[in-house]
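When a ligand or atom number is given, it counts from 1 through the structure's own listing order.
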Amino acid sequence: MCGTDEAIFALILFSFRVFSVFRGQISFMQIPYLIEIIYLVASVLFIYGLKAMSHPTTARRGMNAAAVGMLMAIAGTLFHREIVSYEWIIVGLVIGSLIGAAMSIWMPMTAMPQRTALSHAFGALAATIVGIAEFYRYSGELGSFKMTAIGFEVLFGGITVTGSLIAFAKLQGLVRGTPVTYKGQNIVNISLFVAAVGIFVYLIFFPVGILFYVMVGMAFLFGVLLVLPIGAADMPVVMSLMNSYAGLASAATGFALNNKVLIIAGTLDGFSGLILSILMCRAMNRSITNVLFGAFGSAGTEATQIEGTMRETSVDDVAVQLAYARQVVFVPGYGMATAQAQHALRELADTLEKRGVSVKYAIHPVAGRMPGHMNVLLAEANVPYSLLYELEQVNPEMPTTDVAVVVGANDTVNPDARDNPKSAIAGMPIIEVDRATQVIVLKRGQGKGFSGIENPLFFKPNTAMLYGDAKDSLSKLAQAVQQA
Ligand code: NAP
């Protein structure tokens, strides 16, 4: 261990020593009140944080408020009289902090969905282990209320652990991203689920024996079988659902441990995850059942017969088109995120605005790989929020737009979703760039979108392809526009 690590470790030990002394100063009678007050403040901060996160301008403040709330919840918990020593808590804290720090430092922004999936798996694993420990400790003496709470905890927790790990593996390319399906799959899954619920109900009345562990095993298995048939393109919805399950598992843990802040935070997490899943499905014009059981991207879909050829263009030609346009709409997608092109995009937009061109950014609700992906990146590049237009606002403007510039987006601008009822993405609302006078598509080559289907937009007569890394192309365009 190097000197800095030793110093940090000593500081943590010292903090806990100070904390123990401080805890010893408070009378036994005052402790429960103190904990409840800390939990109350933490809960208010969580609720405020969620509210603030619903708008880009206040989102950062909301994150900070929620983080302070979490710190208070942890600190409050450390006051509990049941804690007899802090050694193992320190070990957990150090290991958890090291893993968290490593993930935040080394995982790139584009791997954020995988990172989130791993976090859900860890959170749910903690809830499941607490549930198993509580059952082991009180086995035979559990009342039906506590058994119900523990049952929910391990069922939601178990499903979330393995479901999130499969989601991680699919997003990371460790498991094939296309749906893994077989005949009778839904019947197998539903039978397994019904059997696990049956055992759960039995345990509420007879909370003893090996059946509890069988139920936990079934929950783990169900998590795997539930996520395997779902395609990688639907993983954000799955993860949001897993987030919801992890929250509900935490809320159940709160009931099992009689911990109010866990109940509040878990319920907030559970329902915000559920609402987010529903909103994402709505943005793709699909139902949750279709996402979970529809095996998106499998057999039964047909691609459009593509007509026309792809036309390549050059930086100089595009620069002239942009410089003399009246209105330009930029449509960012996943490619902008991978290229980290948001700053270069803003610089090009600034250059155009200085020339009197009206610039707008069209934001599709599921562009990128997680909700709000584009908003976060553009906010990081200081793009004014007033220039961001949602799909419903910007589509009516497309016929009067001179140039629509697609920056690494594909599925979210695929006209097949609107025109071909048999397309794998049929019904998903799109940004209708094909209705603009000219469309310029910035991408590296012939790569497909996340759904893996061809995009007829690229073959339309009003579309031209500017090949190359998005950041590189945008920087060259900004220079060329200045000289145009
Ligand atoms: P997309 O369909 O995944 O297409 C991204 C395009 O970016 C690719 O065609 C790729 O083509 C290009 N690209 C990649 N790296 C690039 C780089 N460095 N420079 C330039 N171009 C690059 O992206 P999208 O339009 O944003 O669509 C998002 C997809 O995720 C949709 O299918 C959506 O349903 C799904 N999804 C998202 C969410 C969410 O919450 N955001 C939720 C559920 C589902 P090349 O390889 O040729 O460069």
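- Remark: Asp472 engages Lys476 in a salt bridge, criterion side-chain N to carboxylate O under 4.0 Å.
- The Ala409 neighbourhood of ligand 1 comprises atoms 25 (O), with distances under 4.0 Å to a heavy atom of that residue.
- Atoms of ligand 1 found under 4.0 Å from any heavy atom of Gly445 (numbered from 1 in listed order, with element): 47 (O), 48 (O).
- Residue pairs meeting the ring pair (Phe, Tyr, Trp, His ring centres under 6.0 Å) criterion with at least one member in residues 363-395, sequence neighbours excluded: His55-Tyr385.
- Using the six-membered ring where Trp is involved, Tyr361 and Phe330 have ring planes that are tilted, between 30° and 60° apart.
- Ranked by closest heavy atom to atom 21 (N) of ligand 1, the top entry among Lys443, Lys471, Gln446, Met336 is Lys443.
- The environment of CD in Glu353 is crowded: more than 12 heavy-atom neighbours from other residues, nucleotides or ligands sit within 6.0 Å.
- Nearest-residue assignment for atom 12 (C) of ligand 1 (options Gly335, Gly333, Cys281, Ser277; heavy-atom criterion): Gly335.
- With 3.5 Å as the limit, one finds a donor-acceptor pair spanning the side chains of Thr77 and Tyr39.
- With sequence neighbours excluded, no residue forms a side chain to side chain donor-acceptor pair (under 3.5 Å) with Thr338.
- Contact annotation: for Met280 versus ligand 1, heavy atoms closer than 4.0 Å belong to the side chain alone.
- In this structure, Lys448 counts as a contact residue of ligand 1, since one of its heavy atoms falls inside 4.0 Å of the ligand.
- Closest heavy-atom approach to atom 5 (C) of ligand 1 among the candidates Gly468, Ala470, Gly408, Ser473: Gly408.
- At a threshold of 4.5 Å between non-hydrogen side-chain atoms, the residues Arg326 and Val357 do not count as touching.
- Of the N or O atoms in Val366, one or more lie within a sub-3.5 Å distance of an N or O in ligand 1.
- In the candidate list Leu279, Thr338, Leu442, Thr338 is nearest to atom 15 (N) of ligand 1, counting heavy atoms.
- Near Gly368, meaning under 4.0 Å from one of its heavy atoms, ligand 1 places the atoms 26 (O), 28 (C), 29 (C), 30 (O), 37 (C), 41 (N).
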